[in-house]
Amino acid sequence: MSQILNLSHYWVFVLLLMIGFYAVLTRTNLVKKLLGLAIFQSAVFLLFISMGKIDGGTAPIILNDDWSQTFSSPLPQVLILTAIVVGISTLALGLAIVVRIKEAYGRIDDIDASSSEN
Amino acid sequence: MIEIIGIFLLCLTVITAIGVVRTTSLFAAVMLMGIFSLLMAAAFILLDAADVALTEAAVGAGISTVLMLSALALTGDRREKPSNRPRVLSLIVVVITAGTIFYATFDKPALGDPKAPIHQHVTPEYFAMTRQLIDIPNVVTAVLASFRGYDTFGEVLVVFTAGIGVLFLLGTGPTTRRRRQLSSARGLKHHQPLRIGGKVVIPFIILFAFYVQFHGEYSPGGGFQAGAIFAAAVILYGLLEGERRGLAVLPPQFLLYMSAGGALLFGGVGVACMLLGGNFLDYNVLANDSVTAQQLGILIIELGVGVTVAGVLLAIYHAFAARGVQ
């Protein structure tokens, strides 16, 4: 039972990663592919944040100058915090490309097959 | 008990993710994605990552949903056409990859294990250095803005570059003349309850954004979160009052100055440090007392981050919104 609790976060990471991966592989709709990528990305966020957690710890913000408490690691939080904002910017870039593809080809499904017609 | 809640939340995220992939309605998929982000933010809180949860809630559940919906409105597709990709083959690939990573998880340290490598070298050192050199309560802000300042500067430039990319693809929004032609009937003006309720909330969202910005050293927050929250407030105003009045609050030209100005402010602090005889982004030389200098440097670069993030997110939103009018 404790083994399941200890590793459950990593298993959820694997599941989410694969759900996103499956969406990218099988969906032909470009918006859906981007949603798959976003899930994939969130899975990586979860992996990093899980690694920083420590038993009996609290958020790495020191209250009343009490440095003796147990704190979770701030480093993965820093990395992921910036990654989330970068993630939305790159997602917006992807969506902008999808909008332009729609304007140029008239559809965002199955672009591979339609490219030969134009 | 808290572990059970954590596992329950994570099960919900997995179910939501499956829902996102399985549904053929794109609208439903986008809304489920917003729920997914909110659940993720709750899970981050349980993992002691308050700053990350704040960012995920503001960006993932707020702004990203609005951007996705704008993109959907522009492409006009509501329903996904059935895919003809070979599902069995994809499933085999996915199962093999999942098996490999799953096998690797057994070598990972258990969740919360104090003996895990991450808690041995880097983390204690960051705490000790923050206490000695910077002396601010929020260690996340200290690491983000000072110890890993280069990294953060890089991220800000990536955000700026992505914003520029979107503007190149979609245009910078309507010109002043075109803006006058935008119909004033757009937006949610005729939905009185939404409009009045929204108007009551907007000032408090903006106040909260400034609090998160300037109190980021003492509580969860900082430039990234504040920029996203501020952008969310202005986007909400634009949604309620129509694109024309939304653009009047902060014109596209001004947003461009904001995007570039914030990044320049960040880089400028780095150059100022060099001119004063220190290294790039080495704040110690900014004041006589090195601890005060560090705090001053962090305050200024966080402001730069906030201005850039708010400017880029708003510019992106207006680019999408204005494309629909043309």
Side-chain angles (χ1 to χ4, degrees), chain A residues 5-12 14-16 18-19 21-23 25-29 31-32 35-36 38-39 42 49-55 57-63 67 72-75 77-78 80-82 84-86 88-93 95-100 102 108-109, chain B residues 3 7 10 14 17-18 20-21 26 29 33 40 44 47-52 55-56 59 63-64 67 71 74-75 77 80-81 83 85 87 90 94 98 101-102 105 108 110-112 114 118-119 122-123 126 131 137-140 143-144 148 152 155 158-159 162 165-166 169-170 224 309 316:
Chain A
L5 276 179
N6 285 336
L7 293 176
S8 61
H9 281 67
Y10 301 124
W11 296 345
V12 170
V14 177
L15 278 176
L16 287 178
M18 287 307 121
I19 291 168
F21 187 37
Y22 179 77
L25 283 179
T26 57
R27 302 296 136 163
T28 46
N29 186 293
V31 173
K32 209 57 177 289
L35 285 174
I39 294 175
S42 289
I49 298 298
S50 300
M51 287 195 292
K53 169 77 179 160
I54 191 164
D55 274 337
T58 174
I61 297 166
I62 287 87
L63 293 174
W67 293 77
S72 291
S73 177
L75 184 59
Q77 301 189 12
V78 169
I80 295 314
L81 193 159
T82 52
I84 289 175
V85 180
V86 169
I88 174 88
S89 314
T90 46
L91 177 75
L93 193 64
L95 287 173
I97 294 173
V98 170
V99 167
R100 291 301 298 264
K102 170 75 182 183
I108 54 169
D109 284 282
Chain B
E3 284 90 356
I7 290 175
L10 290 176
V14 172
I18 293 172
V20 170
V21 177
L26 291 174
M33 200 64 204
M40 215 51 167
F44 288 152
L47 291 167
D48 298 342
D51 287 86
V52 183
T55 320
E56 178 74 36
V59 168
I63 295 177
S64 123
L67 286 184
L74 285 181
T75 57
D77 291 25
E80 187 185 5
K81 295 186 183 66
S83 161
R85 294 280 171 90
R87 277 192 191 190
S90 310
V94 166
I101 308 176
F102 186 75
T105 59
K108 300 274 301 169
L111 181 77
I118 184 169
H119 298 300
V122 191
T123 306
Y126 273 135
R131 187 178 189 181
N138 191 347
V139 183
V140 176
V143 177
L144 178 109
R148 295 192 63 90
T152 309
E155 308 269 17
V158 171
V159 171
V166 172
L169 284 166
L170 297 182
F224 285 100
V309 169
I316 289 173

Quiz prompt | Interface moiety of A/K53 toward chain B, non-hydrogen atoms closer than 4.5 Å | solution = both
Quiz item: Measuring heavy-atom distances to chain A, does B/F102 have an atom under 4.5 Å in its side chain, in its backbone, in both, or in neither?
Solution: both
Self-check item: Interchain contact, A/V85 with chain B, by part (heavy-atom threshold 4.5 Å)
Solution: both
Exercise. Give the intermediate values and the outcome of side chain to side chain contact (heavy atoms under 4.5 Å, CB included) for residues A/L75 and B/I118.
Key: CA-CA 9 Å; A/L75 184 59; B/I118 184 169; 5.6 Å; no
Quiz prompt | Contacting moiety of A/V86, where chain B heavy atoms sit under 4.5 Å | solution = both
Practice problem: Find out whether A/P74 and B/T123 are in side-chain contact, i.e. whether some heavy atom of one side chain is under 4.5 Å from a heavy atom of the other. | Solution: yes
Quiz item: Heavy atoms, side chains only, cut-off 4.5 Å: are B/M33 and A/I39 in contact?
Solution: yes
Exercise. Give, as side chain, backbone, both or neither, the part of B/V309 having an atom under 4.5 angstrom from any heavy atom of chain A.
Key: side chain
Quiz prompt | chain B contact via A/L15 - which portion, at a heavy-atom distance below 4.5 Å | solution = side chain
Exercise. Against chain B, label A/T58 side chain, backbone, both or neither, depending on which of its atoms sit under 4.5 Å from a heavy atom there.
Key: backbone
Quiz prompt | chain A contact via B/I316 - side chain, backbone, both or neither, heavy atoms under 4.5 Å | solution = side chain
Quiz item: Considering only heavy atoms, which portion of A/I97 lies under 4.5 Å from any heavy atom of chain B: side chain, backbone, both, or neither?
Solution: both
Quiz item: With a 4.5 angstrom heavy-atom cut-off, which part of B/V122 approaches chain A: side chain, backbone, both or neither?
Solution: side chain
Self-check item: Per-residue contact mode, A/L91 against chain B (heavy atom under 4.5 angstrom)
Solution: side chain
Exercise. Show the numbers, then the answer: is there a side chain to side chain contact (heavy atoms under 4.5 Å, CB included) between B/E80 and A/V31?
Key: CA-CA 9 Å; B/E80 187 185 5; A/V31 173; over 6 Å; no
Self-check item: Exam field: side chain A/R100 to backbone B/L169, donor-acceptor pair closer than 3.5 Å
Solution: yes
Quiz prompt | Proximal component of A/L16, with respect to chain B [non-hydrogen, under 4.5 Å] | solution = side chain
Exercise. Assess whether side chain to side chain contact (heavy atoms under 4.5 Å, CB included) is satisfied between B/V21 and A/T26, documenting all intermediate values.
Key: CA-CA 10 Å; B/V21 177; A/T26 57; 5.5 Å; no
Quiz item: Side chain, backbone, both or neither: which part of B/L26 has a non-hydrogen atom closer than 4.5 Å to chain A?
Solution: side chain
